[in-house]
Every structure is written in structure tokens, then in C-alpha cells.
*Asks:* 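Have a look at this one.
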Amino acid sequence: MADQFADLDATAQAELVRRGQVTPLELVDAAIARIENLNPQLNAVIIPLFEKARHQAQAVLPDGPFRGVPFVIKDLTCTTGGDPYHAGMKLLKDLNWKAEHDSYLAAKFRNAGLICVGRANTPELGPIPTTEPVSYGPTHNPWNLDHSPGGSSGGSAASVAARLVPLAHGNDGGGSIRIPASSNGLVGLKPSRGRTSLGPDLSESWNGAIIEHVITQSVRDTAAVLDQVHGYMPGDMYCAPAPNRPYSEEVGGNPGRLRIGLLTHVPSGIAVVHPECVRATKAAAELLASLGHVVEEAYPPALAEPEFQTAFGQVVTAWVARDLAYWSSKTGKTIGPADVEPHTWTLAEMGRTVSVTQYLEASAWLQGWIRRNESWWHNGFDLLLTPTMAEPPVRLGEMVGTAADPMRGFLRSTSYVVFTAPFNVSGQPGISLPLHWTPEGLPVGVQLVAAYGREDLLIRVASQVEQAQPWAGRKPKVCAA
């Protein structure tokens with residue numbers, strides 16, 4: 001069911017409120033109606049917060065740039081005090097677990113004037129790039145309901161693609177903002193390490209690989225939200241350099257003539273790139289060249305180092321083990337294999353075998369890898385252009401582990417993360433842009449990666465690309481607009 005707001009991005013909706021043409025309650029009620037109408041097909045919003053949202057919409061809202069705009073928060077990491085928080089875990093759902101307080105990020109969202117109308121689906125604890133938890137069931141891709149929306153921010157991305165809300169929170173530890181953005185035809189910026197805070201409950205996670213932001217329809221929304229949520233908070237272990245000016249002012253700014261490296265294969269050889277993803281990236285290269293940039297086949301040699309997978313794998317599995325230990329302590333229940341999904345338990349078991357010395361050795365190796373990788377950007381290149389994923393969105397079920405083969409889904413996900421995870425480790429900003437669709441109508445994103453701290457450059461060139469090849473008119477089969 002279409003309404004007058006569904007096709008507007010967050011900036012446009014906020015402008016209606018600012019001009020007095022609509023009230024926050026009208027925006028919230030319209031979003032709730034869209035969710036009630038379409039969410040049964042998508043299973044994207046798994047914890048409705050409708051009455052709380054209506055109450056907030058009628059109260060005195062902070063005078064932020066997004067005052068009255070509805071959105072959803074991924075049910076992982078970003079907590080909202082007093083609301084259910086399940087992190088994709090059936091255990092926490094069965095316990096009716098509620099968050100004790102707002103995260104710093106949630107507070108910044110609220111101060112920006114955003115109103116949370118619900119929490120979005122996510123895989124259990126977030127280590128796989130699809131959204132099919134046992135706790136809530138699969139989220140369906142609105143472009144084709146038989147396909148995955150990606151993960152781990154799949155519920156958020158499906159909500160935005162179907163126009164249930166204009167933007168949604170996401171976080172990214174190996175591609176979990178960029179992969180769902182690619183899978184759903186959206187904009188997904190992973191900021192630099194330390195640009196946004198994980199506090200107060202975490203100072204860092206996965207050795208600094210995890211970062212918070214949003215998934216949006218437009219580059220201007222991505223930039224404007226980053227203006228509201230970036231910056232150091234007490235206890236943060238990392239702090240990215242401050243921008244020279246607001247990110248929203250970079251939208252439409254001249255990026256200059258950039259030197260861009262083009263990569264369409266997997267240097268380590270661990271995955272083969274689907275022809276549609278190659279086609280998307282080469283077309284993006286032609287577009288960038290037509291805009292005056294120099295594009296040449298080149299990439300950081302460090303991306304070919306095979307040791308990367310082992311080292312990062314030790315970090316991730318150790319953190320999964322830590323997560324189960326944390327929730328065992330927090331809930332007072334010793335978590336066993338029957339309490340979590342098969343792949344979660346197997347990853348935790350692997351993590352428990354990683355010794356302190358091995359963990360520190362892996363961390364030290366990755367630190368050296370970061371220096372080797374980032375030196376490429378400091379030796380003459382401005383950006384790297386890659387596919388966001390090595391294949392289009394797969395069918396639901398292909399990345400799910402089973403009791404007989406718990407690692408089936410995790411191992412299958414290599415083609416999803418091979419172009420994204422390296423830049424979580426390096427801490428560099430990367431953005432996925434929706435520039436291609438397969439003949440079957442599935443979105444295929446392309447990724448641009450900048451040097452550490454250069455979100456400003458990514459926003460400038462992404463805005464330039466958006467103007468040259470707009471995507472706002474492309475809509476999925478299941479869509480409120």
C-alpha cells in the first residue's frame with residue numbers, strides 16, 4: 001500500500017516536519033502502517049515498538065536534523081533501554097531479555113530526532129552474512145522473496161529497500177552493512193575505525209573490526225547521519241581524525257580527478273567472482289572514467305596474502321567464544337550446544353582452542369598486514385574499486401549450517417565477505433553503491449574503499465556517481481512506494 005511518504009528519503013521527510021507540512025506522529029503512523037502491511041512477507045522488523053514510537057512522536061522531540069523521522073535499529077549491539085534485546089539468540093528471546101540502557105549510538109540517534117519504530121532481524125550474534133536465525137526465522141529479500149537479504153544487517157536493509165522506513169541502523173564486522181546494502185540495492189557506508197562508538201558496553205570488538213552506522217536510500221542521508229553520530233565517547237579505544245567540515249557538505253562537492261585501482265578477481269584465489277559482479281564493477285569503472293577519473297587495474301598486494309583468513313578467523317572465533325561466555329555470565333545460565341545454533345557453537349568451540357599466545361600472534365600479524373595494505377593508498381592511489389560481493393544474493397537456506405554440517409553456511413559465505421572483510425581489519429572506510437541489477441532483477445553493488453579517515457572523499461565521489469547514474473527510481477517487487 002503506497003502512501004505519500006514512502007518514497008521520500010529521511011532528509012526529505014525531515015524537511016516536511018521542519019516546514020510544518022507534516023507532524024512526527026503522521027510520519028510514524030505511516031511507517032507503522034507500512035510495516036503492518038508488508039512485514040508479514042519480509043519478516044524484517046521482529047520487535048515492534050509502535051506505541052513507544054507514537055508516544056515519542058507526540059512528546060517534545062530533540063531539535064535535530066531528523067526530527068520526527070521513523071527508522072529501525074538492528075537487534076545487535078545498539079541497545080535501547082527497556083526494550084527487548086535478543087541479538088538473534090533464541091535463548092535471549094525465550095528469557096524475554098531487555099536492555100538495561102541506551103548505547104551511546106542509540107542516544108545520538110535520538111538526539112538527531114530519529115524515532116525507532118522497531119528492532120530489525122539479525123543472525124545469531126552476527127558472524128554470518130545472511131539473516132536466517134532460528135529465533136525469528138529468515139528475512140526475505142524484497143527484490144525476490146526466495147533470496148537472502150544478506151547479513152548481518154539483513155532486517156535493516158530489507159526494511160529500507162521495501163520503503164518501510166527511509167533508513168535503518170546497521171553495523172559491520174566483515175561486511176554487515178555493505179553486503180545487505182548490495183543485496184538490497186541501497187547505500188551502505190562502513191566508516192573508519194573509531195568514527196562511531198560501540199560504548200558504553202564495548203570499547204572495541206573483533207580487534208576493532210566492528211563499526212556502527214546506517215543503511216540508506218541516498219548518499220545525502222548517509223552523510224547527514226554520520227554528522228550526527230560520529231565522534232569520540234568516553235572509554236573508546238579508537239578515535240578517527242575529525243573531519244574538516246560536516247559530511248553533509250561533501251555531498252555534491254567536487255572530488256577532483258582521482259586515481260582509482262580496479263579489482264575484479266580475488267587475489268588470494270579463495271573465491272571466484274560471478275560474471276554479473278565483474279560486469280557491475282567494470283561498468284562502474286567506465287562510469288568513473290567518464291566522470292574524469294583515472295581508472296587502472298591495480299590493487300594492494302597485501303590482499304593476496306593467504307595468511308589473512310587464518311589470522312582473522314582466529315580473532316572472530318575467539319570473540320564468538322567470548323560472547324557465549326558473556327551471555328552465560330549475564331543470564332546466569334551456562335550456555336551449551338542446545339542453547340545456540342550449530343554454527344555458533346562450532347565457532348565458539350574453535351575459538352576456545354585459540355590460546356592467548358595464538359590470539360596475540362594473530363593480532364600482531366594483522367597489524368603488520370594493515371600497514372602493508374594501507375601503504376598502497378599512500379603510494380599514489382585515492383580509491384580502490386571492487387565488487388561488494390563475489391556473487392549476487394543467494395537463495396535462502398544456502399548459508400545455514402545444520403547439525404550434521406554446522407560450518408556449511410559459514411564456509412559458503414566466503415564469496416560474500418572476500419571483498420569486504422579486509423577493510424574491517426584495516427579500519428578503512430568503504431561504501432557499497434547500487435549500480436547494477438542482474439537479468440533476474442537482483443541487485444549487485446560495487447564497493448569503493450578510501451584511505452583511513454577519508455569518508456569525505458567517499459561521500460564526494462559517491463554523490464557524483466549518484467547524480468550521474470541515479471538509482472532512486474529502482475524499486476523491489478515488495479515495496480510500499
*Asks:* Could you go step by step and tell me if Asn141 and Arg395 meet the side chain to side chain donor-acceptor pair (under 3.5 Å) rule?
*Replies:* CA-CA 9 Å; Asn141 191 316; Arg395 288 182 174 273; over 6 Å; no

*Asks:* Taking side chain as C-beta onward, heavy atoms only, is Ser182 less than 4.5 Å from Ile179?
*Replies:*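 Ser182 does not reach Ile179 side chain to side chain.
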
*Asks:* Check step by step if side chain to side chain donor-acceptor pair (under 3.5 Å) holds for Thr11 and Asp221.
*Replies:* CA-CA 6 Å; Thr11 299; Asp221 278 2; 2.5 Å; yes

*Asks:* Please check if the side chain of Thr196 supplies one atom and the backbone of Glu212 the other of a donor-acceptor pair under 3.5 Å.
*Replies:*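 Looks like yes, one N/O pair under 3.5 Å.
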
*Asks:* Considering residues at least two apart in sequence or located in another chain, which fulfil the ring-ring contact (aromatic ring centres under 6.0 Å, His included) criterion with Phe381?
*Replies:*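 Only Trp376 meet the ring-ring contact (aromatic ring centres under 6.0 Å, His included) criterion with Phe381.
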
*Asks:* Quick check on side chain to side chain contact (heavy atoms under 4.5 Å, CB included): which of Leu287, Val219, Ile431 does Val465 satisfy it with?
*Replies:*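 Exactly one option meets the side chain to side chain contact (heavy atoms under 4.5 Å, CB included) with Val465, and it is Leu287.
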
*Asks:* Just jot down the salt bridge (Lys or Arg N to Asp or Glu O under 4.0 Å) partners of Glu398, sequence neighbours excluded, or say none.
*Replies:*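 Glu398 satisfies salt bridge (Lys or Arg N to Asp or Glu O under 4.0 Å) with Arg412 only.
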
*Asks:* For Gln447, which of Thr281, Thr388, Thr386 qualifies under side chain to side chain donor-acceptor pair (under 3.5 Å)?
*Replies:*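 Only one of Thr281, Thr388, Thr386 forms a side chain to side chain donor-acceptor pair (under 3.5 Å) with Gln447, namely Thr386.
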
*Asks:* For atom NZ of Lys475, decide whether the heavy atoms of other residues, nucleotides or ligands shown that lie under 6.0 angstrom number more than 12.
*Replies:*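 Correct, the count exceeds 12.
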
*Asks:* Under 3.5 Å, is there a donor-acceptor pair between the Lys74 and Asn171 side chains?
*Replies:*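 On atom types as modelled, these side chains qualify, holding a pair under 3.5 Å.
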
*Asks:* Tell me every residue that passes side chain to side chain contact (heavy atoms under 4.5 Å, CB included) with Asn43, counting only those two or more places apart in sequence or in another chain.
*Replies:*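 Checked Asn43 against side chain to side chain contact (heavy atoms under 4.5 Å, CB included); matches are Ile46, Asn121.
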
*Asks:* Applying side chain to side chain contact (heavy atoms under 4.5 Å, CB included), can you list everything that pairs with Ala318, at least two apart in sequence or on another chain?
*Replies:*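 Expected list: Tyr359.
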
*Asks:* Going by atom type alone, with no hydrogens or angles, which donor-acceptor pairs under 3.5 Å involve a side-chain atom of residues 258-268 and a protein atom two or more places apart or on another chain?
*Replies:*
| from | atom 1 | to | atom 2 | distance (Å) |
| --- | --- | --- | --- | --- |
| Arg259 | NE | Glu296 | OE2 | 2.9 |
| Arg259 | NH2 | Glu296 | OE1 | 3.4 |

*Asks:* Suppose we screen for salt bridge (Lys or Arg N to Asp or Glu O under 4.0 Å). Which residues come up paired with Asp227, at least two apart in sequence or across chains?
*Replies:*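 Asp227 satisfies salt bridge (Lys or Arg N to Asp or Glu O under 4.0 Å) with no other residue.
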
*Asks:* Which value, rounded to the nearest 0.5 Å, describes the distance between Phe66 atom CZ and Gln228 atom CD?
*Replies:*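 It comes to 7.0 Å.
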
*Asks:* Cys277: which residues meet the side chain to side chain contact (heavy atoms under 4.5 Å, CB included) condition with it, sequence neighbours left out?
*Replies:*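 Partners of Cys277 under the side chain to side chain contact (heavy atoms under 4.5 Å, CB included) test: Val273, His274, Pro387, Pro392, Val444.
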
*Asks:* Salt bridge (Lys or Arg N to Asp or Glu O under 4.0 Å) with Asp9: which residues, sequence neighbours excluded?
*Replies:*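 Salt bridge (Lys or Arg N to Asp or Glu O under 4.0 Å) check on Asp9 returns Arg220.
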
*Asks:* Tell me which pairs pass side-chain hydrogen bond (donor to acceptor under 3.5 Å, both in side chains) where either residue lies in residues 299-318, with sequence neighbours left out.
*Replies:*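 Counting only pairs at least two positions apart or across chains, the side-chain hydrogen bond (donor to acceptor under 3.5 Å, both in side chains) contacts touching residues 299-318 are Glu305-Arg372.
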
*Asks:* In terms of the angle between their ring planes, are Trp369 and Trp365 parallel, tilted or perpendicular, with boundaries placed at 30° and 60°?
*Replies:*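 Trp369 and Trp365: parallel rings.
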
*Asks:* Which donor-acceptor pairs under 3.5 Å do the side chains of residues 122-129 make with protein atoms, sequence neighbours left out?
*Replies:*
| from | atom 1 | to | atom 2 | distance (Å) |
| --- | --- | --- | --- | --- |
| Thr122 | OG1 | Ser152 | O | 3.0 |
| Glu124 | OE1 | Glu341 | N | 2.9 |
| Glu124 | OE1 | Thr344 | OG1 | 2.6 |

*Asks:* List the residues meeting salt bridge (Lys or Arg N to Asp or Glu O under 4.0 Å) with Glu466, not counting sequence neighbours, and say none if there are none.
*Replies:*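 So Glu466 forms no salt bridge (Lys or Arg N to Asp or Glu O under 4.0 Å) with any residue.
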
*Asks:* Per the ring pair (Phe, Tyr, Trp, His ring centres under 6.0 Å) rule, what does the pair list look like for residues 424-477, sequence neighbours excluded?
*Replies:*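 Non-adjacent pairs meeting ring pair (Phe, Tyr, Trp, His ring centres under 6.0 Å): Trp143-Trp437.
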
